Amino acid sequence: MSAILEGTPDKRLVLVTGRAYPELAEKVAECLGTEILETTAYDFANGEMYVRFAEPVRGADVFVLQCHSGDINKWIMEQLIMIDALKRASARSITVVAPFLGYSRQDKKHRGREPITARLIFDLFRAAGADRIMTVDLHAAQEQGFFDGPVDHLTAMPVLLDYVRSAVDLSNATIVSPDAGRIKVSEQWAAKLGNLPLAFIHKQRDITRPNHAEAHGIIGDVNGRDCVVVDDMVDTAGTICEAVRTLNESGAKSVTLVATHGLLSGPAVERLKNCGAHEIVFMDTVPVPESKRLPNMTVLSVAPLLAAGIRSVFEEGSVATLLEGLPEDMRPRNIYA
């Protein structure tokens, strides 16, 4: 008699979602050929939340998708509660899927007595019971080291690159980094688009004022060029719009803004409307409602990328291959959100 019992070979993938952006989860489920597990979730009168899953998840590999947008603190808390419920229901593994990871900008201390909140968020997910994290385009890639477990750091670059190739005249294009911190990413963009010229905007951020920076000049030639400004997120759009104005004043033929996360807080939409950009391109890692969409704004779907990442993790395949582009069966999917 063997002292080792053979487990059942069947694996079960379960996708659950919070209430922040269920429409994205529906698209991911469609790409995976599955359905979202039914969940009961509601708020008590005092604001506390309740979550319960309608079916057993014992032994399942569960992916908990939640967008950190809008009432961001509420949705992070809801995701933590979902993780705790799954842990106590004996899920085999729990993967946090956060297309945009909240608090990722606060990845270091600028001054004394400040928090490193990005590390705190990772610690909270780990303490709740998460086994791994899946996210898209962190503010700083080294944040992966904040989590004591696997982090699948997906990038929207291949999807955005494909769109830019079809929308911009690359023979006259220059890739522009909006600040010194994005130069490395901008270099990757320039190389993948055929070694395009590179420029960057020298700006200084006032660390005592949130969402505020001033452009002081451009390093590189943008005169008469179709400029593509590449960034990870657009929040209030103050600094990115100033970058557009700086480029236009320096003689740029056109300016296309490309960013993964279109947070679009406060006056962002009005600023983008009047900034003089030729086109604005985002992924739908957070909801971009029709009320915030402009005639020159294009929103691409992140669902095929997330679905490909989830499938690779579930099948124990390589997530690194997604850095070069989507799998063949995901490419025919509707790219627009």
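Since we're looking at a predicted model, the values are computed, not measured.
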Atom CG in Leu86, atom CZ in Arg92: separation rounded to 0.5 Å? 14.5 Å
Stepwise, does the side chain to side chain contact (heavy atoms under 4.5 Å, CB included) test hold for Asn248 with Val255? CA-CA 8 Å; Asn248 285 329; Val255 181; 3.5 Å; yes
Is it true that a side-chain atom of Asn274 and a backbone atom of Gly276 form a donor plus acceptor pair closer than 3.5 Å? no
Give a yes or no on whether a salt bridge exists between Asp329 and Arg311, defined as a side-chain N under 4.0 angstrom from a carboxylate O. yes
If you compare all heavy atoms of Glu143 against all heavy atoms of Ser104, which two are closest, and at what distance to 0.1 Å? OE2-O, 2.5 Å
I'd like to check Ile240 versus Leu257 (side-chain heavy atoms, cut-off strictly below 4.5 Å). Are they in contact? yes
Between Lys292 (side chain) and Val269 (backbone), is there a donor-acceptor pair under 3.5 Å? no
Gln79 vs Leu65 side-chain heavy atoms within contact, under 4.5 Å: no
List the steps and the verdict of side chain to side chain contact (heavy atoms under 4.5 Å, CB included) for Ile83 and Val96. CA-CA 8 Å; Ile83 295 166; Val96 168; 3.4 Å; yes
Taking NZ, NE, NH1 and NH2 as the nitrogens, is one of them in Arg105 or Asp235 under 4.0 Å from a carboxylate oxygen of the other? yes
Working to the nearest 0.5 angstrom, can you tell me the gap between Asp71 CG and Arg19 CZ? 10.0 Å
Within 6.0 Å of CD in Glu35, more than 12 heavy atoms from elsewhere: no
Rounded to the nearest 0.5 Å, what separates atom CG in Leu161 from atom NZ in Lys192? 7.0 Å
Met283 and Val302 have their tightest heavy-atom pair at CE-CA, 3.7 Å
Look at the side chain of Thr256 and the backbone N and O of Ser254, then say whether any donor-acceptor pair between them is shorter than 3.5 Å. no
Checking Arg126 side chain against Phe147 main chain: does a donor-acceptor pair fall under 3.5 Å? no
Taking Arg331 for its side chain and Leu326 for its backbone only, find out whether a donor-acceptor pair lies under 3.5 Å. yes
How long is the gap from CZ on Phe53 to CG on Leu37, to the nearest 0.5 Å? 7.0 Å
Inspect the contact between Lys27 and Glu30 and indicate whether a charged nitrogen and a carboxylate oxygen are less than 4.0 angstrom apart. no
Give a yes or no answer on whether the side chain of His153 reaches the backbone of Leu138 with a donor-acceptor pair at less than 3.5 Å. yes
Does Lys74 come within less than 4.0 Å of Asp43, counting only side-chain N to carboxylate O? yes
Indicate the atoms forming the closest heavy-atom contact of Leu80 with Ala128, along with that distance. CD2-CB, 3.9 Å
Val64 and Val97: side chain to side chain contact (heavy atoms under 4.5 Å, CB included), yes or no, with the steps? CA-CA 6 Å; Val64 188; Val97 182; over 6 Å; no
Before accepting this row, confirm whether a basic side-chain N of the pair Asp84/Arg88 lies closer than 4.0 Å to the acidic partner's carboxylate O. yes
Verify side chain to side chain contact (heavy atoms under 4.5 Å, CB included) between Leu323 and Leu154, making sure each step is shown before the conclusion. CA-CA 7 Å; Leu323 298 177; Leu154 307 179; over 6 Å; no
For Thr285 and His261, which I'm curious about, is there any donor-acceptor pair between the side chains at under 3.5 Å? yes
Is the count of non-hydrogen atoms from other residues, nucleotides or ligands lying under 6.0 Å from Met77 atom CE greater than 12? no
Less than 4.5 Å apart, any side-chain heavy atom of Pro115 and any of Gln106? yes
In terms of heavy-atom contacts, Val286 and Gly262 come closest through CG2-O, 3.4 Å
Verify, without hydrogens or angle tests, whether Asp131 (side chain) and Gly149 (backbone) share a donor-acceptor contact under 3.5 angstrom. no
What I'd like to find out is whether the side chain of Val185 reaches to under 4.5 Å of the side chain of Met157, using heavy atoms alone. yes
Is there a donor-acceptor pair under 3.5 Å between the side chain of Thr135 and the backbone N or O of Ala98? yes
State, with a plain yes or no, whether a side-chain heavy atom of Val313 is found less than 4.5 Å away from one of Asp152. yes
Thr17 side chain to Gln66 side chain, donor-acceptor N/O pair below 3.5 angstrom: no
Side chains of Thr155 and Asp137: is there a donor and an acceptor less than 3.5 Å apart? yes
Specify the closest pair of heavy atoms between Ala199 and Val222, including all atoms of both residues, with the distance to one decimal. CB-CG1, 3.9 Å
Can you tell if the side chain of Val28 reaches within under 4.5 Å of the side chain of Phe63, non-hydrogen atoms only? no
Just by distance, do the side chain of Arg225 and the backbone of Ala173 share a donor-acceptor pair under 3.5 Å? yes
Starting from Leu196, can I reach Trp189 by hopping between I/L/V/M/F/W/Y residues whose side chains sit under 4.5 Å apart? yes
Gap between atom CG of Leu263 and atom CZ of Phe282 - 0.5 Å precision: 8.5 Å
Gap separating the CG atom of Asp61 from the OG1 atom of Thr95, nearest 0.5 angstrom: 7.5 Å
Arg182 with Asp231: basic N within carboxylate O range, under 4.0 Å: yes
Working note: Phe100 + His68, criterion ring pair (Phe, Tyr, Trp, His ring centres under 6.0 Å); need CA distance, chi angles, decisive distance, verdict. CA-CA 6 Å; Phe100 168 70; His68 299 172; 7.3 Å; no
Between Tyr103 and Phe122, is there shared hydrophobic-cluster membership here, with clusters defined by ILVMFWY side-chain heavy atoms closer than 4.5 Å? yes
Check whether any side-chain N or O of Arg271 sits under 3.5 Å from a backbone N or O of Thr236 as a donor-acceptor pair, and report yes or no. yes
Is there a path of hydrophobic side-chain contacts, each under 4.5 Å between heavy atoms, that joins Tyr50 and Ile81? no
What about Val62 and Ile133, same hydrophobic cluster or not, with Ile/Leu/Val/Met/Phe/Trp/Tyr joined at side-chain heavy-atom distances under 4.5 Å? yes
Evaluate side-chain hydrogen bond (donor to acceptor under 3.5 Å, both in side chains) for Ser301 paired with Tyr336, printing each intermediate quantity in order. CA-CA 5 Å; Ser301 176; Tyr336 299 102; over 6 Å; no
Considering only heavy atoms from C-beta outward, does the side chain of Leu306 approach that of Pro99 to under 4.5 Å? yes
State, to 0.1 Å, how close Arg293 and Val288 come at their nearest heavy-atom pair, and which atoms those are. NE-O, 2.7 Å
Side chains of Tyr21 and Glu26, donor plus acceptor under 3.5 Å: no
Any side-chain heavy atom of Leu198 within less than 4.5 Å of one from Thr174? no
I'd like to know if Val136 and Leu15 are part of one continuous hydrophobic network [Ile/Leu/Val/Met/Phe/Trp/Tyr, side-chain heavy atoms within less than 4.5 Å]. yes
What I want to find out is whether Glu187 reaches Lys184 closely enough, with some N-O distance under 4.0 Å, to be called a salt bridge. no
